Amino acid sequence: MVPITTFHYLVVAAALFVLGVIGVLTRRNVVIVLMSIELILNAVNLNLVAFSRMWGNLNGQVFSIFVTVDAAAEAAVGLGILIAFFRNRETINVDEIDLLKW
Amino acid sequence: MNPAINAGMAPVATPGFFYVLAGLAVASGVAVITRRNAVHAALALIVTLLSVAGLYLMLYAPFVFAVQLFVYAGGIMLLFLFVIMLVNIERSSKERRFNRMWPVALAASCALMVLFLSAFVKGRTLFPDRLMPLPESSNTQQIAGMLYGEAGRMGQYTFAFEIASLLLLVAILGAVIMTKKKI
Amino acid sequence: MSSHTTDSTRNTAKDTTSDVSNRARSHLDLETPEKPYLDSNELIINMGPQHPATHGVLRVILKLDGEKVLGTECVIGYLHRGVEKIAENRTYTMFNPYVDRMDYVAAVSNGLGYCEAVEKLLNVEAPPRAKYIRVILTELNRIASHQLWLGTHALDIGAMTPLFYTFRDREEILKIFERYCGARLTTHAFRIGGCQYETYAGFEKEVKNFLAFFPPKIDEYEALLTTNRIWLERTRNVGVISGADCIALGVTGPVLRASGVKWDLRKAQPYAAYSEFDFEIPIGTNGDTYDRYMVRMVEMRQSLRIIEQAINGMPEGPIMGKVPKVIKPPVGEIYHSIEAPKGELGYFIVSDGSTQPYRLRVRPPSFVNLQALDIMVRGLLVADVVAVIGTLDIVLGEVDR
Amino acid sequence: MLNQFMSYLGSNVTPGSANNQLWALIYVLIIFAGVSVAVMAMNWLERKALAHFQIRLGPMRVGPHGLLQPFADALKLMLKEDIIPAEADQFVFWVAPLIGLLASFTVYTVIPFGPSQAVSDMNIGILFMLGVSSLGVLGIVVAGWASNSHYPLIGALRSSAQMVSYEVAMGLAVVSAILMTSMKTGTGTLSMLGIVEAQQEQGIWFIFKFFPLGLIAFVIFAIAMIAETNRAPFDMAEAESELTAGYHTEYSGLRWSLFMLAEYAAMIAVSSIAVTLWLGGWMRPFPNLLHAPAWDFIFSLFPGITFGGLAAIAFIGTARMPAHSFFKVQRIGLAVFAALLGFLALLLLVIAVAGRSADTSLAARFNEGIGYVYWFVLKVAVFMYLFIWYRATWPRYRFDQLMKIGWKVMLPISLGVLMVTAIVGVLVS
């Protein structure tokens, strides 16, 4: 059982990050796109904490709390836009929202 | 366990746990982006969040674990589930899931993965190979010290912390104004 | 906010869920499609007929904006038995038991109203002792009806315990009815012209025991609810109706008195022996659910006073007036109304000289009071509709007849 | 193997910190068995106490005085058909009660029944508990959605909105309690054991500290606690007179009982948080004032006396049972139950007497351990009785009043208490 080093955590974070990017690029449903962004932010958090463990200080962990705060704000506003939009246009498929003003 | 690696810190859990949690995180991550039904995707995301929280514990970050549990899994995911149910998008879920140009996107992401891996392999020599010990006293006190400052002097992140609360205030106002039917 | 579709390829089929409210909508000529819950501006919801809080088989169609009630429509008739049509081919004495089945909670006062109406038709006077017995039993029945109202009303608003307290005490009254006339609920206690049975041996003693037993029990109810903050929060300023609206709608009884109108038939048009007793008429100030609760609680105490005076001053003498065996009232019509627990209960009888009434119309208080539901509930929330139905104290047997 | 177990008893460190998985596993099993028994007892107590509040007898037929009623209920629920509504989402419908159960049971890993009687003493104990209890809300939302019908969906959204808004008030009340722990040591502690030790050190329960503040925070937590578990005046979920039925309407049989189990477990968990934070966890009353060995002995007799009292009540019950032949079985049942309680009381008294001297003999260790667990469970039992009492007396709040209280009354007060506690704390130290 090879000991767990930071490298392992980086690979996992990279995998999550790539999954998030695939989600954002390919999915049509806005909620799934927002969830993929959450996935990306989680990958970033994992990286921060892994490095904080590696360097032995807590800056990484404190900064990951700031990233969580940002994720919360982003989710709230993103979903607010989604609700406002859904009420007018009855659809939330990303590729159908193509008008700037209707 | 090679003590040099963990530099005298009591190991949180047997290494096997890492592979379990990492596998769970990646598997449910795949489920998030492939499930047709939004609520299934949300549940998969919750599983991802919880497994990543487990990973934080293995990285000696209990406070971040608690924040992840409290804010992410308990708060943001609830917001997602609320919106999915209120806006009950189920009717429109019968159409195509992926937009037309998904092969291009997939290729680009795989290229990105290859790039990451190559960066890690080459960069292995840059990082110190052994892990330095984290300060022994309770992790929460440490973080609180950095956020709020100890013994009178300002902490390193106190100013940033105030701005973060401002950011949250703006987000709250924005979300409320946007969703009100008749302002 | 017309959501025009930009390209026709979109096939978001709106599958309107066909449920009961669909058929109801044609009733209300409203073309509001069943939109997702979030931004549905109007929603038609059915409450009843099998809803735990509609006191029997009443169906209320609620037009909601989210949680606020925009308008209601009551669908009744599920318990219609055609009592008035049946009366036309029954003799006067044969029809007497039917009357108890209308407001089955206050059967004794139904019987009193009917017998007094026919006596008026025959212009015969019941003997004083019969009048006193009638007053005692009617007031006991008023207390029993208010107890049932309090139990179910509190249960609808969420307080479970009063129900058990009120039903335990109601048993005492039903025991007296059973010992007097053999039945607990549909008592058929009175006959045209007076009373059928002389009071049984221990009648005075039992009524006096009840007079002593009951007052602390009312204090128990009041202790549980009157100063209960959540009860106040749920009933204060809920279902407000003004005196003028009540009079315009013909609403009578505790609902009218709670809106500040001092009108009680026992004082205004005294019948039976009510003119000989002194008692007060409780009046509310702002006509909300809490005032109706207080009015009914005080009415229970006033009924105790009446019973006490009646039982002490019970005259001796016959209990049955001079009424022919076969009742053939002279041609003519009369309207006679009494103060039933729910309001003014009136009988309009047209006789063509034969032994069966030509037409017998009953003016039930619950039917008339139900009209006030729409005004009281407009603008409230769904949970309040349940409280307002409870405070109107309607009994569907009387509403549908 | 045996001496290994003996060593567990003696150590004054929780299995978690002693990093011994087997011992922790034993503790987890004991606690889960204890919680299920407590849920059974709570179910019986709720039905009987509610009945006696409403001048009726409650379950009397199944077992003496309905003592076997919870087992009968559990059996019935297991045998009942487990209906899944048409087009309901099978997987999510199946997962929802499990999320609820997971949330309300993981809280028990951190609850300190005694200085060494907790599964593990995390240094973020209280935060972990609040975090996990916020996961319970997800179970309810998903259950409402999975039942695929209009009313449970709205019911689920309403009860989860209620839980979320009261969680905020609850969190702030908890923070003001944690502030109090930091008076002597400069920085507070989040670990549950640390909080109780702080109360021990400062010689005062936090409910009485800075007199009005501790009490106000406690009252806020008590109210938020009731709303958090959808109980008594805030029970929108089972409000049958409301239009929107609760989230568990479509559930039946075993699945429904899982929700009930989760609800009761959450009630016990939340009241043990309140006991740990404000009522000095496992400490016996007046530990500092009366710590002479004589007093210790008197307080150690309490467990024996309580079980003795229960046994006496059961014996009186057997005596008063009518002599009719139908009651023969019930009488024997109650007599056996009374004998069991009596034996337990005797055992406890013997341990109390044997363990008088503060030496490290087995009896002394047992005596101490029993004392801790007894006082903790006694305080939680008081809260359980309050839950039932509220359900019997209070009518139900309307949903908008409930939210109004949550946001406009509870939140400002808890914020106020937090600030004032902080200021007073700074001034005092």
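All values reported here derive from a predicted model rather than from experimental measurement. Labels below follow one simple rule: chain letters A, B, ... track the order of the sequence lines, proteins then strands, and each chain is numbered from 1.
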Segment of [X] engaging chain A (4.5 angstrom heavy-atom cut-off):
| X | answer |
| --- | --- |
| B:Thr179 | both |
| B:Tyr157 | both |
| B:Leu147 | side chain |
| B:Met113 | both |
| B:Ser165 | neither |
| B:Val64 | side chain |
| B:Val30 | both |

Can you tell me how far the [atom1] atom of [X] sits from the [atom2] atom of [Y], to the nearest 0.5 Å?
| X | Y | atom1 | atom2 | result |
| --- | --- | --- | --- | --- |
| A:Tyr9 | A:Asn47 | OH | CG | 12.5 Å |
| A:Ser64 | A:Asn59 | OG | CG | 11.0 Å |
| A:Leu34 | A:Leu39 | CG | CG | 12.5 Å |

Open item on the list: Between B:Tyr72 and A:Glu38, is the side-chain hydrogen bond (donor to acceptor under 3.5 Å, both in side chains) condition met? List the steps.
Closed with: CA-CA 9 Å; B:Tyr72 243 113; A:Glu38 294 299 323; 3.1 Å; yes

Return the option, out of [options], with the maximum number of heavy-atom pairs under 4.5 Å with chain A.
| options | value |
| --- | --- |
| B:Val170, B:Val67, B:Ile143 | B:Ile143 |
| B:Ala42, B:Gly174, B:Gly75 | B:Ala42 |
| B:Phe82, B:Phe116, B:Phe63, B:Tyr56 | B:Tyr56 |

- [ ] Considering non-hydrogen atoms only, spot the tightest contact between B:Leu79 and A:Ala75 and give its length.
- [x]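 Reported closest heavy-atom pair: CD2-C, 4.2 Å.
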
Open item on the list: Could you report the tightest heavy-atom contact between B:Ala38 and A:Ile32, atom names first, then the distance?
Closed with: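 Looking at all heavy atoms of both residues, the closest pair is CA-CD1, 4.1 Å.
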
Task: For chain B, the option from A:Val69, A:Asn42, A:Val77, A:Ile81 that forms the most heavy-atom pairs under 4.5 Å - done: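 With the most close heavy-atom pairs to chain B, the winner is A:Asn42.
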
Task: Closest-packed option against chain B by number of heavy-atom pairs under 4.5 Å, given A:Ala14, A:Ala71, A:Ser36 - done: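 It is A:Ala14.
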
- [ ] Mind telling me whether B:Phe161 and A:Phe66 have parallel, tilted or perpendicular rings, with 30° and 60° as the class edges?
- [x]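 A:Phe66 and B:Phe161: tilted rings.
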
[X], part contacting chain B, at a heavy-atom distance under 4.5 Å:
| X | result |
| --- | --- |
| A:Leu19 | both |
| A:Leu16 | side chain |
| A:Leu46 | both |

Open item on the list: Applying side-chain contact (heavy atoms from CB on, under 4.5 Å) to A:Arg53 and A:Thr6, what does each step give before you reach the verdict?
Closed with: CA-CA 8 Å; A:Arg53 168 75 189 90; A:Thr6 322; over 6 Å; no

Open item on the list: The test is side-chain hydrogen bond (donor to acceptor under 3.5 Å, both in side chains); show your working for A:Asn45 and A:Thr68 and say whether it passes.
Closed with: CA-CA 8 Å; A:Asn45 262 357; A:Thr68 311; 3.3 Å; yes

TODO: Please report the C-alpha distance between A:Met54 and A:Thr5 in whole Å, then the side-chain angles of each, then the deciding distance to 0.1 Å, and finally whether the side-chain contact (heavy atoms from CB on, under 4.5 Å) criterion is met.
DONE: CA-CA 9 Å; A:Met54 192 185 77; A:Thr5 61; over 6 Å; no

